[in-house]
2 protein chains.
Amino acid sequence: MTDAAPTTIDEFRSRLASVTDGLPKRLRQCADYIAANTDRIAVSTVAELASGADVPPSALMRFCQILGFSGFSEMQKLFRDAYAPGWPDYTTRLRNLKDSGAGSPSALLAEFVEAGRLSLEQLAKSADETALSQAVALLARADTLHVVGLRRAYPVASYLTYVLEKLAVPAILHDHAGRLDHRHALRPSDACIAITFAPYSDETLSLAQDARSRGLPVVGITDHLTSPIARLSSVVLTVPEVDFGAFRSLSATLALSLALAVAIGTARG
Amino acid sequence: MTDAAPTTIDEFRSRLASVTDGLPKRLRQCADYIAANTDRIAVSTVAELASGADVPPSALMRFCQILGFSGFSEMQKLFRDAYAPGWPDYTTRLRNLKDSGAGSPSALLAEFVEAGRLSLEQLAKSADETALSQAVALLARADTLHVVGLRRAYPVASYLTYVLEKLAVPAILHDHAGRLDHRHALRPSDACIAITFAPYSDETLSLAQDARSRGLPVVGITDHLTSPIARLSSVVLTVPEVDFGAFRSLSATLALSLALAVAIGTARG
DNA sequence: GGCTTTTTGGAATTTTTATTCCAAAAAGCC
DNA sequence: GGCTTTTTGGAATAAAAATTCCAAAAAGCC
């Protein structure tokens, strides 16, 4: 109760977690609200936070003291010092880039950077952890992984295959080079990763279909749960990719693919 | 002078820019300091900002009014409210993902998302606008673009080629499939884009060397100005890609490549 | 160089915000 | 059910911050 005040945000979080249980009703409301709105501490007043937590200001004051601070101000100082908004000089710079005129290379770069960043943020927010774990489990116990992705999904498919290979996971990239078809390489103990975005590529769907009818598990990486690949897949991973102009950044898709590959590599030991 | 107060941060910035010239000494100090520290407005007091700008608090108050606000508090409100969509649940969510245990798929995803985001931010901060414009100019007046990038640079090279093709810019991907070599396709009126990261691929360097000795302009996309591709290039674009584990996110490289491709497409009309 | 206008700094004031304290309510205990 | 302890809400107070105002200084003008 009279411990020293947390001096870092990580310390703050663990203190918060350790103190939350065994707190009376009102103080618990404070703890819950603060945990869910940690980011607003730096820019709010006691009254604002208290009303958000639906408690009187005095309750919130007491709560700050329970965490070890002398009062609200001391707690706020921690967050104000650490405050680095999602736009330090980064946003300023983006703005400068864009200001150099619509259509200029710099402005385009700014747009694509922004599209990539948004995609990644949305991925973090919307990623389905359960599906991801299922996909890893499924793919980790397969012998060989068959990766397919064409057109704009091709860079992802090729990188995924590259990383899998580096991790000593047997993987075949079905790239349709020379219209050669390796679908007879699909063995029942294998698994398939199919990547496709609207407009969905027939060749990709066809390979997934083939894998499915041979009894291979199929993991689909696509843009929506309504994508045609969904019906063919055992597990579907959706990626909310933000386009700029007609082109998608692929940042989110690559991040997801990398995570998938490394998780598979780890699971296989 | 008595315009309405800015209601968005963009508006704020342009107001600031338009008002800065023709301001007396002290007020100008305010303008400069605020422009450089916009991000701290939300979490500072008048006194703190004033002392940062090395002016008395009253000067800063006057400055707020010149911008159209009734006072400092109104200006601060703009930034405190706008802060909501910076980290709101995104950072919390990332944290949750990571908390699910080191090595878990979710934790890996969080790491790659973070690596990608950092890469993009650094790219925005460090991008060399001049070099980018030069590269676009050089590539826009070439007949055919020869794109080369192997191993981990291959996904980038392939996507770049895909996008160029979509934009009706003639492009050849030198993918070394079947060890076939297209270097005789290099014509003096063409140009070359070579992408390579440490450890630099010999084949990529060799093709760039060839292009150079035939008098083609070479644009290098690489990790450092000291990269071996730099000596072979007419223009070098560096990308500060953040790795996680042994693998790079490629987000920044792809964003840069996309911007390059679209700028070339636009410049060619 | 004197006069007018603009700019400046700081002290005084007002407003807002944080913090304390205590009586009432609730919860726990015998 | 009465007694003790804990928890709570709100009014009172203290502290801090924002804002105003004005006299002095500086700059501009004739």
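Every value quoted in this text rests on a predicted model; they were computed, and no experiment measured them. Just so it is clear: chains get the letters A, B, ... in the order the sequence lines come, proteins before strands, and each one is counted from 1.
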**Study point:** Rounded distance in Å - CE (A/Met75) to C1' (C/dT17)
**Key:** 15 Å
Exercise for review: Counting Watson-Crick and G-U wobble pairs only, both distances under 3.5 Å, name the nucleotide matched with D/dT20, or none.
Suggested key: C/dA11
Point to revise | Whole angstrom value for the distance that separates P of D/dA27 from NZ of B/Lys25 | key: 8 Å
Exercise for review: Would you kindly give the CZ-to-P distance between A/Phe63 and C/dA18, to the nearest whole Å?
Suggested key: 16 Å
Review point. Which of parallel (below 30°), tilted (30 to 60°) and perpendicular (above 60°) describes A/Phe12 and A/Phe79?
Key: perpendicular
Check your understanding: Starting at the 5' end of DNA chain C, which residue's closest nucleotide do you reach first, A/Thr45 or A/Arg62?
Key -> A/Thr45
Check your understanding: Out of C/dA18, C/dG9, D/dG10, which nucleotide sits closest to the side chain of A/Met61?
Key -> C/dA18
Study note, to complete from the structure: CG of B/Asp54 to CG of B/Asp32, rounded to nearest 0.5 Å, is 12.5 Å
Revision key, fill the gap. Separation of D/dG9 atom C1' from A/Leu27 atom CG, nearest Å, is 12 Å
Point to revise | Phosphate-side-chain proximity, A/Gln76 and C/dT17, N/O vs OP1/OP2 below 4.0 Å | key: no
Review point. Any idea which of C/dG9, D/dT19, D/dG9 is nearest the B/Phe72 side chain?
Key: D/dT19
Review point. What distance separates B/Gln134 CD from B/Ser234 OG, expressed to the nearest 0.5 Å?
Key: 9.5 Å
Exercise for review: Calculate the interatomic distance between A/Asp54 atom CG and D/dG10 atom C1'; express it in whole Å.
Suggested key: 15 Å
Study note, to complete from the structure: Rounded to the nearest 0.5 angstrom, the CG-CG distance for B/Asp128 and A/Leu109 is 11.0 Å
Practice item. Could you work out which one of D/dT8, C/dG10, C/dT8 sits closest to the side chain of A/Pro24? Key: D/dT8
**Study point:** N or O in side chain of A/Ser73 less than 4.0 angstrom from C/dT17 OP1/OP2
**Key:** no
**Study point:** Atom pair distance, as rounded to whole Å: CZ in A/Arg80 and C1' in C/dT17
**Key:** 11 Å
Review point. Please give, in whole Å, the distance from C/dT6 C1' to B/Leu23 CG?
Key: 13 Å
Check your understanding: Of the nucleotides C/dG9, D/dA18, C/dC21, which has the atom closest to the B/Arg26 side chain?
Key -> C/dG9
Exercise for review: Could you check how far CD of B/Gln29 sits from C1' of C/dT8, rounded to whole Å?
Suggested key: 11 Å
Practice item. Name the pairing partner of C/dA18, where a pair is Watson-Crick or G-U wobble with both distances under 3.5 Å, or state none. Key: D/dT13
Practice item. Once you apply the 3.5 Å cut-off to both distances, tell me the Watson-Crick or G-U wobble partner of D/dA26, or none. Key: C/dT5
**Study point:** A/Glu241 backbone acceptor or donor facing A/Gln122 side chain under 3.5 Å
**Key:** no
